[in-house]
Amino acid sequence: MNTYGGAAVEITKHLLMNLSLLLVLLFFTQLIMERQLKEESRERYQLFYFVISIFTCYIFSVQVQDGIRFDLRQVPMILGSLYAGHSFLFAGVTLLMRGFLGINDGFWVSVGVFIALAILLKWMHPWFNRLSLNQRIGVSVLLTVMTSFALMQMVAIFNEPIRHPEAWISFILIPALTSGLVSYSIETIRQTVIIRQRLAKADKIEAVSHLSAAISHEIRNPLTTVKGFLQLLGEQNYPDEKKKEFIHISIQELNRAEEVINDYLTFARPAFEKVEDIDVEKELNQVLNVLNPLANLNGVEIKKKYTPGLVISGDRSKFIQGFINLIKNGLEAMPNGGELIVQTFRTGNVVHILVKDSGIGMTEEQIARLGEPYYTTKGQQGTGLGMMVTFSIIRAMRGKVEVKSQVGIGTTFHIRFSNIVDDK
Ligand code: ADP
Ligand code: MG
């Protein structure tokens, strides 16, 4: 009696060990699956999890008596078939593993039970997925108990009956417990994924409604202004001075509308359609040319400190857009003049671009909010979209931005790109 008791404790220990391994494996599979964006690759990892679990069960199986081995292989086999489908694949893997341990009575018992089980599970799979969460867990546990029972009965037919009664308990109870725990975990994980997807969708919907609100506001205002001036011009004969002023304001308003549209378009399509060589010096000069009138207006002196010959890959027009937004902010931060330094250099495989202004600077809080949509300190003059677009462009080019700023002293943007193109 004592030895039987000892054996049963041994079996229970092994099965509990199986249980914890299955849970640990599930945990790591989950971590890997979290990082997969594609549904297919997630499914592949799930399949992989169940196969590896069956494998693990065999490695840690325990010999009860001649030709009879105990482990929890039926749990991943059943759950895998129910959750991932492919019941014949799992049955095949299970039997293959069992075959390696020896073709004996126990093996033939397994063949019978697992093939019958695979047929049953194949038939149940579509029905199973329509059940509620709790029903699914219940069905998993029930099937596991039934399978364990069938295995024990079959063993008893072919072989002498299992001698220790404690083994019965541990062989029915622990698989049921494992099955319940694993399916509960799978359900919880699924639930979290669904909730997260819903949140992401809600975020997107919010972004879209923000977007349309902003468009109607930012675009309609300039259009109304321009329309008003055109009407005025058509109705009365104003002096040339007045006409010039109307036209000047109209153009300014249209420019603003154009800017907003540009920003939105770049933001809406941050994925790059084109990948071309970007000659950093040439494109930065282009940016500075565009912004030259603003620099002159604010009395800003621009200093260029380029390292020649730096080339990175990406979309040229988006690179330009990103740096226009960035450098424009620098110029706008120096309404009473100052110095803007644009510097480039290379260390190893990294191209560095520094934009340094001696403007009003930012507080910690302002730096933290930089790039948030509609965050602006410029009131009616600002859109709060520029940095959001710049950041999304740099991110899409796998670049990194570091911001250093001191109120009253100035701001430095340090951008690193590692998608360098070397001359061949
Ligand atoms: P906008 O320029 O329309 O306000 P941005 O997204 O381009 O929107 O910038 C957001 C805010 O970040 C600005 O309103 C300003 O407060 C701050 N900012 C950005 N760049 C600088 C800079 N170089 N110096 C000081 N403040 C800056
Ligand atoms: Mg701006």
Side-chain angles (χ1 to χ4, degrees), residues 15 18-19 22 25-26 29 43-44 46-58 61 67-101 103-159 161-162 167-187 189-190:
L15 294 184
N18 264 205
L19 191 166
L22 294 190
L25 272 175
L26 182 66
T29 317
E43 275 169 15
R44 221 174 302 133
Q46 199 180 31
L47 217 64
F48 186 67
Y49 162 69
F50 287 115
V51 171
I52 288 286
S53 296
I54 294 174
F55 187 68
T56 313
C57 284
Y58 273 109
S61 72
I68 302 171
R69 289 182 155 270
F70 270 6
D71 55 52
L72 296 179
R73 72 189 92 135
Q74 68 270 37
V75 175
M77 149 78 198
I78 292 172
L79 294 184
S81 307
L82 287 176
Y83 281 100
H86 305 286
S87 61
F88 287 105
L89 171 80
F90 291 121
V93 173
T94 314
L95 293 175
L96 192 73
M97 292 282 152
R98 183 61 188 85
F100 284 135
L101 296 177
I103 312 279
N104 46 28
D105 288 350
F107 174 74
W108 293 114
V109 168
S110 298
V111 170
V113 172
F114 281 103
I115 288 184
L117 193 60
I119 295 170
L120 178 71
L121 289 170
K122 174 128 196 105
W123 174 72
M124 282 177 75
H125 175 62
W127 168 78
F128 180 77
N129 280 309
R130 286 196 298 270
L131 295 178
S132 75
L133 187 152
N134 288 332
Q135 285 171 330
R136 278 202 294 265
I137 299 178
V139 167
S140 307
V141 174
L142 202 69
L143 271 176
T144 311
V145 171
M146 277 161 55
T147 310
S148 308
F149 197 73
L151 281 169
M152 298 291 278
Q153 288 297 335
M154 297 288 278
V155 164
I157 292 171
F158 280 84
N159 217 300
I162 308 281
W168 274 87
I169 299 173
S170 55
F171 199 56
I172 301 280
L173 216 61
I174 298 181
L177 182 72
T178 313
S179 184
L181 278 178
V182 172
S183 73
Y184 180 77
S185 313
I186 293 176
E187 292 294 344
I189 292 164
R190 272 191 174 186

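- Interatomic distance, CD1 of Ile186 versus CG of Leu181, reported as 11.0 Å (0.5 Å rounding).
- Within the model, atoms CE of Met146 and CG of Leu117 stand 8.5 Å from one another, a figure rounded to the nearest 0.5 Å.
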Yes or no on side-chain contact (heavy atoms from CB on, under 4.5 Å) for Val139 and Trp127, after CA distance, side-chain angles and deciding distance? CA-CA 11 Å; Val139 167; Trp127 168 78; 4.1 Å; yes
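- Atoms CG and OH, on Leu121 and Tyr83 in that order, are 12.5 Å from each other to the nearest 0.5 Å.
- Here the side chain of Ser87 pairs a donor or acceptor atom with the backbone of Ala118 at under 3.5 angstrom.
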Walk me through it: do Ile172 and Val145 pass the test side-chain contact (heavy atoms from CB on, under 4.5 Å)? CA-CA 6 Å; Ile172 301 280; Val145 171; 4.0 Å; yes
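- The two atoms that bring Ile115 and Leu95 nearest to each other are CG1-CD1, 4.1 Å, heavy atoms only.
- Looking at heavy atoms from C-beta onward, Cys57 lies in side-chain contact with Leu22 at the 4.5 angstrom threshold.
- Side-chain contact between Leu47 and Leu89 is present, with at least one heavy-atom pair separated by less than 4.5 Å.
- Atom CD of Gln46 is separated from atom CD1 of Ile189 by 9.0 Å, given to the nearest 0.5 angstrom.
- Leu120 has its side chain within reach of Leu143: a pair of non-hydrogen atoms, C-beta onward, lies under 4.5 Å apart.
- Considering only heavy atoms from C-beta on, Arg73 stays 4.5 Å or farther from Phe90 through its side chain.
- With a 4.5 Å cut-off on side-chain heavy atoms, Gln153 and Phe149 count as touching.
- Here Thr94 contributes atom OG1 and Phe88 contributes atom CZ; the two are 12.5 Å apart, rounded to the nearest 0.5 Å.
- Atom CZ of Phe55 has 12 or fewer neighbouring heavy atoms from other residues, nucleotides or ligands inside a 6.0 Å radius.
- At least one side-chain heavy atom of Asn129 sits under 4.5 Å from a side-chain heavy atom of His125.
- The line from CG of Leu19 to CG of Asp71 is 12.5 Å long, rounded to the nearest 0.5 Å.
- Between Phe107 and Arg98, the shortest heavy-atom distance links the atoms N-NH2, 3.4 Å.
- Across every non-hydrogen atom of Gly180 and Val141, the tightest pair is CA-CG2, 3.6 Å.
- Residues Leu26 and Tyr49 come closest through the heavy atom pair N-CE1, 3.3 Å.
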Could you go step by step and tell me if Ser140 and Ile78 meet the side-chain contact (heavy atoms from CB on, under 4.5 Å) rule? CA-CA 7 Å; Ser140 307; Ile78 292 172; 5.5 Å; no
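- Sorted by first then second residue, the side-chain hydrogen bond (donor to acceptor under 3.5 Å, both in side chains) pairs that include residues 174-185, not counting sequence neighbours, are Thr144-Ser179.
- Heavy-atom minimum distance, Ala91 versus Met77: N-SD, 3.6 Å.
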